[in-house]
Amino acid sequence: MSTAYGVTAVVLVALAAVLIGGFGIRLSRTTSDFYVASRTVSPLWNASAIGGEYLSAASFLGIAGLILTYGADMLWLPVGWTGGYLVLLVLVSAPLRRSGAYTLPDFAEARLESMAVRRMAGVLVVLIGWLYLMPQFQSAGLVLQAITGAPDWAGGLLVAAVVAVNVMSGGMRSITFVQAFQYWLKLTALAVPVVFLLLAWQADGAPGLSAHDTVTWALPLASGKEYSLYSTYSLILATFLGTMGLPHVLVRFYTNPDGQAARRTTLVVLSLLGAFYLLPAIYGALGRIYLPELVGSDTVVLTLPGRLIGGVLGDLLTALVTAGAFAAFLSTSSGLTVSVAGVIGQDILKGGVRSFRAAAVLAVIVPLGLAVLARSLPVADVVGLAFAVAASSFCPLLVLGIWWRRLTSAGAMAGLLVGGGLACCAVLMTIVGQPHTGLVGALLAQPAAWTVPIAFAVMIVVSLLTPSRIPVGVARTMVRLHTPEILNLDRGDWRPRSS
């Protein structure tokens, strides 16, 4: 692809993000505007914004790369990431909105009346956010390097700078507009080239997989990975349960006007994600036929248009895909930055718009440094590890906190420490340490199958052993979580006692 086309695509996406975000600046005046857009975002607009931030580099580039490399096993990633919203819809979305909280630590303190649990939840929000941000910056560097030859840190620095400007300027109000636009850009950037790719494939005689590939690549659990059965089920568990624990996803439900709107938002999100996830599998399958040399790489989406189509049209389609990729980096990074900045701003810098802006800078600097220093892994694998940490910590806290009145502050703290701690250790050993093989490697690369049950068990057992630590106001809190807003007279936002 011509470098000029690629640079133009990146510049246009970055400018669009800044200009659209600037529209939100005029509407952002209060702390509530910056944290939750004053809870006035409609379901369709909010669902588009969720699609924008949820469809990260792992969805745009990583799924196709993993399908190219490992085949049908990797289709569980989009299935799990979409199916996780069903669990979120049934168990969490409406009660979470009714809690009146701004952040996950707010919810933890409101439900358990414990500053210690709040602080632990804040630490986990920051860790998950940074773990999720790191591959966004790494992938941005990979894409910018591929199209311009720039150093691998340059793309991450560009994304971090644009995100920081948008978040500091208008907070949640600004990035809601930006992310909604970026969802539709990402969908277009994958859908339009697919039409031309399928026409080119048809004109080439519609070649299929070789007989060897049909056996070792196209059948589930035949990808050649060690302990593939365990890895598959652990991946399903992480993606189904991890969605409800992702701070940048949950913060979106705080922006809905009420619980009913939160449920409608989730239903629309399911439709938007389903439409998007039809596309990466096509890129992966065509890549297996035409670009087998890219096995283990995340660049198949960027390379296919030039290989199959070529010429000016191929360059234009590659530029469109590049624009979509940068939209993915920007939108997901924006949502994560707001989530992490919200926790840092409230719990460390003590709240307010000025604290939020300072926290936004801190929220992007650390993962940007990690992206430069850490060992590079397939982007979808790193994001999968973030899901495993979320599933092992916030999933038990939310499910038990919303639906089990006997959860105690001691039980919640123990579960967060054990489940989140074990998952974080597995993640660190996978990312920072040398690659592990055999059963140990499988357990570390996909820890959810053992860390999630342990986290639930620890929370339940410790809670049963400490009945005196049940929050005094649990009855009032449970009524608030489960009573429709039309019947609930206490509709004000919850505030932490420290404020």
Nearest non-hydrogen partners of [X] and [Y], listed with the distance:
X	Y	answer
L416	A121	CD1-N, 4.5 Å
V143	A325	CG2-CB, 4.5 Å
L317	P305	CB-CB, 4.0 Å
T188	L320	O-CD2, 4.0 Å
A57	A328	N-CB, 4.2 Å
G65	D298	CA-OD1, 4.4 Å

Donor-acceptor contacts, no H, no angles, side chain residues 361-369, under 3.5 Å, sequence neighbours left out:
none

Can you measure from [atom1] ([X]) to [atom2] ([Y]) and round to the nearest 0.5 angstrom?
X	Y	atom1	atom2	result
S231	I236	OG	CD1	11.0 Å
L131	L370	CG	CG	9.0 Å
T69	D73	OG1	CG	12.0 Å
T332	Q182	OG1	CD	8.5 Å
L142	L61	CG	CG	7.5 Å
I309	L197	CD1	CG	4.5 Å

Side chain to side chain contact (heavy atoms under 4.5 Å, CB included) with I454: which residues, sequence neighbours excluded?
->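 Per chain and number, I454 pairs via side chain to side chain contact (heavy atoms under 4.5 Å, CB included) with V418, L422, W450, V458.
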Listed partners of A14 passing side chain to side chain contact (heavy atoms under 4.5 Å, CB included), at least two apart =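 Counting only residues at least two positions away or on another chain, A14 forms a side chain to side chain contact (heavy atoms under 4.5 Å, CB included) with V162.
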Who passes side-chain hydrogen bond (donor to acceptor under 3.5 Å, both in side chains) against [X], sequence neighbours left out?
X	answer
T303	none
T299	S297
S331	K186

Residues L272, W184; criterion side-chain contact (heavy atoms from CB on, under 4.5 Å); working and verdict | CA-CA 10 Å; L272 298 182; W184 296 103; 3.9 Å; yes
Contacts of Y183 that satisfy ring pair (Phe, Tyr, Trp, His ring centres under 6.0 Å) - sequence neighbours left out |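 Here no residue qualifies.
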Can you list the residues that meet the ring pair (Phe, Tyr, Trp, His ring centres under 6.0 Å) rule with F394, with sequence neighbours excluded?
-> none
If you measure only the distance, is there a donor-acceptor pair under 3.5 Å linking the side chains of T243 and Y54?
->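 There is such a pair (donor and acceptor under 3.5 Å, judged by atom type) between the side chains of T243 and Y54.
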Would you kindly say whether S392 and T451 are connected by a side-chain donor-acceptor distance under 3.5 Å?
-> yes
Are [X] and [Y] close enough that some pair of their side-chain heavy atoms sits under 4.5 Å apart?
X	Y	answer
V338	E53	no
Y5	T318	no
T337	L133	yes
P247	V340	no
V7	I147	no
Q136	S56	yes
S393	I128	yes
W201	I289	yes

Step by step, work out the side-chain contact (heavy atoms from CB on, under 4.5 Å) result for L294 and L68.
-> CA-CA 8 Å; L294 292 183; L68 163 65; 3.8 Å; yes
Can you say whether the rings of F60 and F276 are parallel (under 30°), tilted (30 to 60°) or perpendicular (over 60°)?
->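 Rings of F60 and F276: tilted, as their planes differ by 30° to 60°.
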Given side-chain contact (heavy atoms from CB on, under 4.5 Å), test V268 with N46 step by step and report yes or no.
-> CA-CA 9 Å; V268 178; N46 209 18; over 6 Å; no
Would you confirm whether [X], through its side chain, and [Y], through its main-chain N or O, come within 3.5 Å as a donor-acceptor pair?
X	Y	answer
R118	A108	no
S234	Y230	no
T82	V79	no

Which pairs pass side chain to side chain donor-acceptor pair (under 3.5 Å) with one or both residues in residues 270-287, sequence neighbours excluded?
-> S59-Y277
Mind jotting down which residue pairs meet the side chain to side chain donor-acceptor pair (under 3.5 Å) criterion with at least one end in residues 150-163? Sequence neighbours excluded, please.
->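 Every pair satisfying side chain to side chain donor-acceptor pair (under 3.5 Å) with a residue in residues 150-163: there are none.
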If a pair satisfies ring-ring contact (aromatic ring centres under 6.0 Å, His included) and one of its residues is in residues 299-337, list it, with sequence neighbours excluded.
->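 Every pair satisfying ring-ring contact (aromatic ring centres under 6.0 Å, His included) with a residue in residues 299-337: F326-F329.
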How far apart are the C-alpha atoms of M244 and V399, what are their side-chain angles, what is the distance that settles it, and do they pass the side-chain contact (heavy atoms from CB on, under 4.5 Å) test?
-> CA-CA 9 Å; M244 74 173 67; V399 171; 3.7 Å; yes
Report yes if the distance between the aromatic ring centroids of W81 and F387 is under 6.0 Å, otherwise no.
-> yes
Residue pairs passing the salt bridge (Lys or Arg N to Asp or Glu O under 4.0 Å) test with at least one member in residues 302-311, sequence neighbours excluded, are E293-R307
